[in-house]
Structures are given as C-alpha cells and as structure tokens.
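First up is the structure itself, then whatever we jot down about it.
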Amino acid sequence: PGRTAAPVPSANATYNDTQRIIPALELAPLPGNDRGMAAAGADDLYQQIRHQGQQLEAQALSTAGAIEQLVEAVAGLPGRKAVVLLSGGIPQRPAEALVAAWRNRFAGSNEVSSLSSPLDGLRGDVSGVLARTAAHANGSGVAIYALAAPAVPSRVSAETLGTSVWTDTEEFTATANVRDSLQQLALPTGGVLGLDNGAKVVVDTLRSDLESYYSLGYRPRERRRGKDRKLRVEVARPGMRVRHRSAQRERTSGEQMAEQTRAALLFGFQDNPLGVAVHVGAPLRGER
C-alpha cells in the first residue's frame with residue numbers, strides 16, 4: 001500500500017536518448033591540459049549510459065513480463081495457440097553497445113578508461129526471463145511469432161554519420177542483442193522471427209502453420225511433473241528439417257487448473273451450467 005512502481009520508458013524515449021548520447025561522446029573533450037574537466041565529462045557520460053541501460057532493462061523486463069502474462073492467459077484455451085509479438089525488440093544486454101562506444105572515445109586515456117567496469121556492458125541480461133517465458137509457452141502449447149524493427153541507431157544516420165565512436169561493430173552488437181533475445185523467445189516454441197523486412201516471412205509462415213501442421217505424440221517412460229523434457233524430431237528424408245518445439249514441460253495438476261480457470265474467466269469459453277460467477281475485488285467477510 002502506498003507504493004507505486006517506477007514508470008517504464010517508451011521505446012521512442014530510450015531510442016532518442018541513445019541517439020543523443022552518441023554525438024555527445026564524439027564531441028567529449030579528451031584529457032589534455034585540464035584532465036580533471038575531461039574526466040568529469042567522461043564520468044558524466046558514463047553515468048548517462050548506465051542510466052540508459054537501466055531504462056532499457058526495465059523496458060525489456062516489462063515486455064517479457066507482459067508476454068508471459070499473455071501466455072498464461074491463453075494457456076488454458078483448447079486447441080493450437082499462437083502469440084504474435086510486434087515490437088522494436090528486446091535488448092538482451094541493453095548497455096553493451098553504448099559502453100563499447102564510450103570506450104572507443106576514451107580508450108587512450110588510462111585515467112578516464114579506469115572509470116568503467118568490464119562487467120557494465122553485460123549488466124541487465126534478460127536471457128533468464130526470456131528462457132522462462134519460452135519454457136512456459138512450450139508447456140502451455142503456445143507458439144510465439146516475433147516481428148521486430150530494431151530501434152538501433154544506424155551507422156549512416158544523420159546523428160552518427162562520420163563518428164568514430166559508433167562504428168559498424170557497435171551497430172552490429174546492438175542489433176545482435178535484439179535478434180538473439182527474440183530468437184531465444186520465439187524459436188524454441190516452434191515460432192519464427194522476422195526483423196525489418198522479414199514481416200512477410202512471419203505473416204506467411206503463421207498463415208501456413210495455421211492452415212497445415214503435423215501432430216506427434218508419445219508416452220514418456222516416467223512422469224516428470226513440473227520438469228522440462230527436451231524434444232528432438234528426426235525425419236528420414238535427407239536434407240529435410242522439421243521446425244518444432246525444443247522442449248515440453250509437463251505441467252502439474254495445479255498449473256493446469258489455474259490456467260483453465262484463468263482462461264474461463266478471461267475468455268468465457270467453458271460451459272457454466274450452474275451460473276457460477278467470480279467477482280474480483282477486496283475480500284468480504286461472510287455473514288453467519
């Protein structure tokens with residue numbers, strides 16, 4: 001009570017901040033006659049980058065959490081289920097590329113470069129959250145199709161053209177962070193990923209998957225409730241590859257009941273001959 005969560009920045013806000021930091025790095029003074037002033041400016045920019053990384057991390061965790069909630073919501077529905085994600089991407093290590101750009105500017109100064117930590121570029125890794133979301137989707141029979149236009153500054157944009165701090169390497173690192181995270185989220189569920197001009201591939205694949213698909217079943221030798229079981233599908237035809245889920249989680253009875261109850265409340269697909277109703281709100285003390 002009385003506690004409010006910090007607001008999550010929008011994708012446009014964090015992208016604009018990134019666009020602003022890169023030219024500021026390019027123009028930052030290098031240590032010369034006034035080393036104290038140069039060090040102070042470098043430290044200020046470094047703290048801005050760390051703050052930017054924290055904002056992007058919050059944004060990534062918020063997006064991953066929303067996807068997980070959506071997966072939980074549709075998990076109890078019967079039949080095949082798919083979630084389509086349209087976004088600017090989920091950076092796996094939000095500050096990595098900007099930290100590298102900062103080092104490009106100040107790598108020649110031992111006094112300034114010592115302000116950074118080798119681990120700062122790896123902070124905010126959301127891989128664990130994405131892996132958990134993909135595992136939950138697999139256990140609930142949900143495929144994730146991701147379509148993203150990465151909000152990554154281009155090497156040839158007006159803000160970065162001609163700079164020495166934001167090179168092809170930094171652009172590739174930032175793009176790979178988005179691509180790898182979405183691959184980690186979508187591919188294990190049997191879905192696909194499309195970046196930028198890959199929209200048609202995702203839409204065509206989703207349409208094809210909904211119209212034609214295969215179904216395989218097996219009986220495991222032992223029950224492993226609540227545990228992930230790796231899956232591998234092999235075909236006899238040489239060169240043929242099957243797209244499938246990488247694992248299957250055998251849900252517990254409690255998880256199945258919770259999913260079915262949630263789906264019934266949200267989507268009302270179940271029969272309710274007794275007219276049972278659930279009211280969500282503050283608990284009321286019953287009368288005797």
Side-chain angles (χ1 to χ4, degrees), residues 5-22 51-75 81-98 122-138 140 142-155 157 159-160 170-207 209-210 243 245-246 266:
V8 176
S10 68
N12 287 337
T14 52
Y15 177 75
N16 290 338
D17 286 343
T18 301
Q19 292 280 64
R20 174 185 56 79
I21 290 174
I22 295 173
H51 179 67
Q52 170 76 345
Q54 292 170 356
Q55 286 190 312
L56 289 172
E57 179 187 359
Q59 188 182 100
L61 290 175
S62 176
T63 302
I67 296 171
E68 191 167 27
Q69 290 180 7
L70 181 58
V71 167
E72 291 176 352
V74 303
K81 300 170 284 286
V83 169
V84 180
L85 171 64
L86 305 176
S87 75
I90 304 175
Q92 194 167 11
R93 291 177 293 277
E96 185 176 20
L98 276 177
L122 305 179
R123 293 184 186 277
D125 196 324
V126 297
S127 301
V129 178
L130 298 177
R132 185 184 67 197
T133 303
H136 196 158
N138 277 332
S140 304
V142 179
I144 298 177
Y145 296 79
L147 174 60
V152 173
S154 170
R155 176 72 178 87
S157 67
E159 293 80 4
T160 61
E170 282 65 50
E171 181 180 351
F172 175 82
T173 298
T175 303
N177 266 319
V178 173
R179 182 195 64 229
D180 294 348
S181 64
L182 292 179
Q183 285 180 341
Q184 184 182 18
L185 184 64
L187 300 189
T189 69
V192 295
L193 165 66
L195 295 177
D196 292 326
N197 296 327
K200 188 175 186 303
V201 174
V202 175
V203 174
D204 290 346
T205 302
L206 177 58
R207 181 189 300 112
D209 289 351
L210 293 177
R243 180 160 47 86
R245 301 185 185 279
S246 63
L266 293 176

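Residue numbers count from 1 along this sequence. In what follows, every heavy atom counts, from backbone to side chain, and hydrogens, waters and symmetry copies are set aside.
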### Message
When you measure from the side chain of N177 to the backbone of P91, do you find a donor-acceptor pair of N or O atoms at a distance under 3.5 Å?
### Response
no
### Summary
Checking L130, T133, V129 against I67 for side chain to side chain contact (heavy atoms under 4.5 Å, CB included), the one that qualifies is T133
### Task
Measure the spacing between CD of Q183 and CD of Q92 and express it to the nearest 0.5 Å.
9.5 Å
### Query
About how many Å separate CD1 of I21 and NE2 of H51, when rounded to the nearest 0.5 Å?
9.0 Å
### Summary
Note: V142 and V74 closest approach over all heavy atoms is CG2-CG2, 3.9 Å
### Message
For A97, is there any backbone N or O sitting under 3.5 Å from a side-chain donor or acceptor partner on T173?
### Response
no
#### Entry: Polar side-chain atom of N138 near backbone of R245 as donor-acceptor pair, under 3.5 Å
no
### Task
Could you pull out the closest heavy-atom pair between G53 and P94, with the gap in Å?
O-CB, 3.6 Å
### Message
Quick check: closest heavy atoms across Y145 and A82, and the distance to 0.1 Å?
### Response
CE1-CB, 3.8 Å
### Message
With side chain to side chain contact (heavy atoms under 4.5 Å, CB included) as the test, pick out the partner of L85 among L193, V202, L147, L182.
### Response
L182
### Task
Determine whether I22 and L98 make a side-chain contact, defined as any pair of heavy atoms from C-beta on separated by less than 4.5 Å.
yes
#### Entry: Nearest non-hydrogen partners of A60 and I90, listed with the distance
CB-CG2, 3.5 Å
### Any T205 side-chain heavy atom under 4.5 Å of R243 side chain
yes
### Query
Counting N and O atoms only, with roles assigned by atom type, does the side chain of Q184 sit under 3.5 Å from a partner on the main chain of S127, one being a donor and the other an acceptor?
yes
### Query
Looking only at atom types and distance, does a side-chain atom of S140 sit under 3.5 Å from a main-chain N or O of A137, one as donor and one as acceptor?
no
### Message
Donor-acceptor check, side chain of T175 to backbone of F172, threshold 3.5 angstrom: yes or no?
### Response
no
### Close side-chain approach of V192 and V201, heavy atoms under 4.5 Å
no
